[in-house]
Amino acid sequence: MSAADYLGNPLAPTSVTALAAIDDFIDGFLAYETRAANVIAAAEAHPGNVLLNAYAATLWLLLEAPEAAERAAPYLARARVAATSAHPREQAFVEFVTAWSIDDIPAALAIADTILAAWPRDLLVLKLAHYHDFNRGDFPAMLRTASAVLPYTEDVAYLHGMIAFAYEQCHLLAEAEAAARQALALKRKEPWAQHALAHVMLTQGRIAEGVAFLEGVRDTWTGLNSFMDTHLWWHLALFYLSQGRFEAALDAYDDHCWAQEKGYSQDQVGAVSLLVRLELAGIAVGDRWSELAEYLAVRADDVVQPFLTLQYLYGLARARRPEADRLLAAVRRAAVEAPEHVRRTWAEVALPAAEGLVAHTRGDFEAALRGLRAALPRLAEIGGSHAQRDLFEQLILDALIRAGRLSEAQQALELRRGFDPDGVPLNRALADVYDRLDLPNEASKARARLA
């Protein structure tokens, strides 16, 4: 008789301890908790267990580094041997991880669809499918897969958190908020739902409400992995920036966003992204770029994901590190040599964006505008959320102002004011631009909004 994980998904008979480790990984992974990493030791303790070894390989692939597939390989090899006598769902999952390990993401996603059609409560597979669709900017696919399994998983908070984020990335904000609140009603400590609701509030300019919400659930941020903890703080810091609470935003960077796993990709890009925003708000950041770049230097050849690479590149270039030129050269190679399913994204989106980012750090704002504006219409293809990709739009706006293209800057600033009406950095910039455009009444109105 077959066994089942705690969500009810079938698996081959296994020991009580192995089953407990499987459940611990699934729940820990969906909850963004550090205990998910226990699967590495569990796989070593159960070398013949197909899922524990496939899950361990999964965890290594999520390292998001050039060596990830190599680190995953021993576990994946053991999983493939064990799969010969495994349940069909387990066998399919091994094939999913195998395709991922060779960067055949379209094949991996097709396998994920097959798994979810047969076993719609396999929320680990759904989460991993969302990871890959998110990284290529296919947000409707995230909504489609989550919606398909919703009738079978309405009792699970994690599913509502996933569908909330998918709704938000599809600009369906009312639906996103309803789903997030449903998740939180089922489980107050559901960080992905908290995160999705923070996105909604930021997009709608509900800044004070966003601060109150995140500060109100901050007591639940326990046991989280570094990405989830630092990313929730990153969102809180964005709200602080809008409010003009610059010291609080800087403290969030120092004490939380850049205080954990400094070698991890997501912690690094979160730090780059927040540090740029701090500077664009006029905050002196001291030697923080130099300190951050010490950890980014190992990324000089890292073109695993364009969204990550572009932020490594900006951090290195901003710190005046020679590795920036090396990474830019790696982007140019990726534009020619990347796997077919992402080659055009590297060539037509990531490469002009990369050149624009480097130009911005070197004070060539016209070149920055050429590169970043060329990439902007298709920027979703590189991955990242709306809030994360807004960094590139902020750099375009900064380049417009610093290049003296004030009428264009005024247009962009007023459009932004639609979703950040009282934002302190925004209204400061507007006041300055209106002064320089000889529009004193409009400058005065912008300054009044700072009161």
**Request:** State whether R332 and E355 are salt-bridged, where the test is any N-O pair (Lys NZ or Arg NE/NH1/NH2 against Asp/Glu carboxylate O) under 4.0 Å.
**Result:** yes
**R344, CZ: over 12 other non-hydrogen atoms inside 6.0 angstrom** = no
**From D5 atom CG to I26 atom CD1, the distance as rounded to the nearest 0.5 Å** = 4.0 Å
**Message:** Parallel, tilted or perpendicular: which one describes the rings of H132 and W100, with boundaries at 30° and 60°?
**Reply:** perpendicular
**Item:** R71 with E67: basic N within carboxylate O range, under 4.0 Å
**Value:** no
**Prompt:** Below 4.5 Å, heavy atoms only, C-beta onward: do Y253 and L292 meet side chain to side chain?
**Reply:** yes
**Item:** Minimum heavy-atom distance between P352 and A375, given as atom pair plus value
**Value:** CG-CB, 4.4 Å
**Message:** We want to know whether Q194 and T220 form a side-chain donor-acceptor pair, criterion being a heavy-atom distance below 3.5 angstrom.
**Reply:** yes
**Message:** Salt bridge or not between D435 and R447? Use side-chain N to carboxylate O under 4.0 Å.
**Reply:** yes
**R370/D364 ion pair, N-O < 4.0 Å** = no
**Side-chain heavy-atom pair L274, L241 within 4.5 angstrom cut-off** = yes
**Prompt:** Do E366 and R405 sit within salt-bridge range, that is, some charged N less than 4.0 Å from a carboxylate O?
**Reply:** yes
**Item:** Shortest non-hydrogen contact from H160 toward E154
**Value:** NE2-O, 2.9 Å
**Request:** Taking the six-membered ring for Trp and the full ring for Phe, Tyr or His, determine whether the centres of W258 and Y295 are under 6.0 Å apart.
**Result:** yes
**Prompt:** Looking at side-chain heavy atoms only, is the closest gap between R373 and L400 below 4.5 Å?
**Reply:** yes
**Fill in**
Correct closest heavy-atom pair for H360 and D398 would be NE2-OD2, 2.8 Å
**Request:** Tell me, with the steps shown, if V342 and I105 meet side chain to side chain contact (heavy atoms under 4.5 Å, CB included).
**Result:** CA-CA 10 Å; V342 290; I105 305 306; over 6 Å; no
**Asked** Around atom OH of Y152, are there more than 12 heavy atoms of other residues, nucleotides or ligands at under 6.0 Å?
**Response** no
**Request:** Provide the closest heavy-atom pair for A65 versus R299 in the form atom of the first, atom of the second, distance.
**Result:** CB-NH1, 3.8 Å
**Request:** Using modelled atom types only, decide if a donor and an acceptor are shared between the side chain of D287 and the backbone of S290 within a distance under 3.5 Å.
**Result:** no
**Trace of the salt bridge (Lys or Arg N to Asp or Glu O under 4.0 Å) decision for R144 with D113** = CA-CA 10 Å; R144 183 171 59 250; D113 284 344; over 6 Å; no
**Request:** Could you tell me whether D432 and R436 have a side-chain N and a carboxylate O separated by less than 4.0 Å?
**Result:** yes
**Item:** Heavy-atom check, side chain of L109 versus side chain of R136, under 4.5 Å
**Value:** yes
**Asked** Taking the six-membered ring for Trp, is the centroid-to-centroid distance between Y55 and F29 below 6.0 Å?
**Response** no
**salt_bridge(E291, K262) N-O dist < 4.0 Å** = yes
**Request:** Give a yes or no on whether the backbone of V269 and the side-chain of S273 come within a donor-acceptor separation of less than 3.5 Å.
**Result:** no
**Request:** Measure from the side-chain N and O atoms of K189 to the backbone N and O of A31, and report whether any donor-acceptor pair falls under 3.5 Å.
**Result:** no
**Complete:** Scanning both residues in full, the closest heavy-atom pair of D302 with T309 reads O-OG1, 2.7 Å
**Prompt:** Ignoring hydrogens and geometry, is there a side-chain-to-backbone donor-acceptor pair from Q311 to F307 under 3.5 Å?
**Reply:** yes
**Item:** Gap separating the SG atom of C170 from the CD atom of E175, nearest 0.5 angstrom
**Value:** 10.0 Å
**Prompt:** What distance separates D27 CG from L7 CG, expressed to the nearest 0.5 Å?
**Reply:** 8.0 Å
**Asked** Does the side chain of Y240 reach to within under 4.5 Å of the side chain of D251, using non-hydrogen atoms?
**Response** no
**Asked** What is the ring orientation for H199 with H195, classed by angle as parallel under 30°, tilted 30 to 60°, or perpendicular over 60°?
**Response** perpendicular
**Request:** If the plane angle is over 60° it's perpendicular, under 30° parallel, otherwise tilted; pick one for W233 and W221.
**Result:** perpendicular
**Prompt:** Quick one: are H256 and L236 in side-chain contact, heavy atoms under 4.5 Å?
**Reply:** no
**Request:** Any ring pair (Phe, Tyr, Trp, His ring centres under 6.0 Å) involving residues 377-400? Give me the pairs, sequence neighbours left out, ordered by first then second residue.
**Result:** F139-H386, H171-H386
**Message:** So does A110 get a backbone contact from the side chain of T114, meaning a donor-acceptor N/O pair under 3.5 Å?
**Reply:** yes
**Request:** State whether the side chain of R320 and the backbone N or O of A317 hold a donor-acceptor pair below 3.5 Å, judged by distance alone.
**Result:** yes
**Message:** Is it the case that atom CD in E215 sees more than 12 heavy atoms from other parts of the structure closer than 6.0 Å?
**Reply:** yes
**Prompt:** Just by distance, do the side chain of N9 and the backbone of D122 share a donor-acceptor pair under 3.5 Å?
**Reply:** yes
**Asked** Should the pair E190-K187 be classified as a salt bridge under the 4.0 Å nitrogen-to-oxygen rule?
**Response** no
**Message:** To the closest 0.5 Å, what do you measure between CD (E209) and CG (L214)?
**Reply:** 10.5 Å
**Request:** Supply the atom-to-atom distance E279 CD to Q394 CD, rounded to the nearest 0.5 angstrom.
**Result:** 12.5 Å
**Asked** Going by heavy atoms in the side chains, are S265 and L63 under 4.5 Å from each other?
**Response** no
**Asked** Is there a donor-acceptor pair under 3.5 Å between the side chain of N427 and the backbone N or O of P421?
**Response** yes
**Asked** Taking atom types as modelled, is there a side-chain donor on S226 or E261 under 3.5 Å from an acceptor on the other?
**Response** no
**Prompt:** Which value, rounded to the nearest 0.5 Å, describes the distance between L197 atom CG and L202 atom CG?
**Reply:** 11.5 Å
**Request:** Could you walk me through whether M201 and F239 pass the side chain to side chain contact (heavy atoms under 4.5 Å, CB included) test, one step at a time?
**Result:** CA-CA 9 Å; M201 291 175 176; F239 288 126; 4.1 Å; yes
**Asked** Taking it one step at a time, do L296 and Q268 satisfy side chain to side chain contact (heavy atoms under 4.5 Å, CB included)?
**Response** CA-CA 7 Å; L296 298 176; Q268 290 174 350; 3.9 Å; yes
**Message:** Using ring centroids (six-membered ring only for Trp), state whether H231 and F227 fall under 6.0 Å.
**Reply:** yes
**Message:** Between L308 and Q266, is the side chain to side chain contact (heavy atoms under 4.5 Å, CB included) condition met? List the steps.
**Reply:** CA-CA 8 Å; L308 301 175; Q266 295 294 332; 3.8 Å; yes
**Asked** T361 side chain to V358 main-chain N or O, any donor-acceptor pair under 3.5 Å?
**Response** yes
**Asked** Does a salt bridge link R288 with D254, judged by any charged N lying under 4.0 Å from a carboxylate O?
**Response** yes
**Asked** Below 4.0 angstrom, N of the basic side chain to O of the carboxylate: do R181 and E177 qualify?
**Response** yes
**Prompt:** Looking at R321 and A293, what are the two nearest heavy atoms and their distance?
**Reply:** CG-CB, 3.7 Å
**Request:** Please confirm whether F96 and F93 have ring centers closer than 6.0 angstrom.
**Result:** yes
**Asked** Would you say T145's side chain and A141's backbone share a donor-acceptor pair under 3.5 angstrom?
**Response** yes
**Message:** Measuring only between side-chain heavy atoms, which start at C-beta, is E414 closer than 4.5 Å to E442?
**Reply:** no
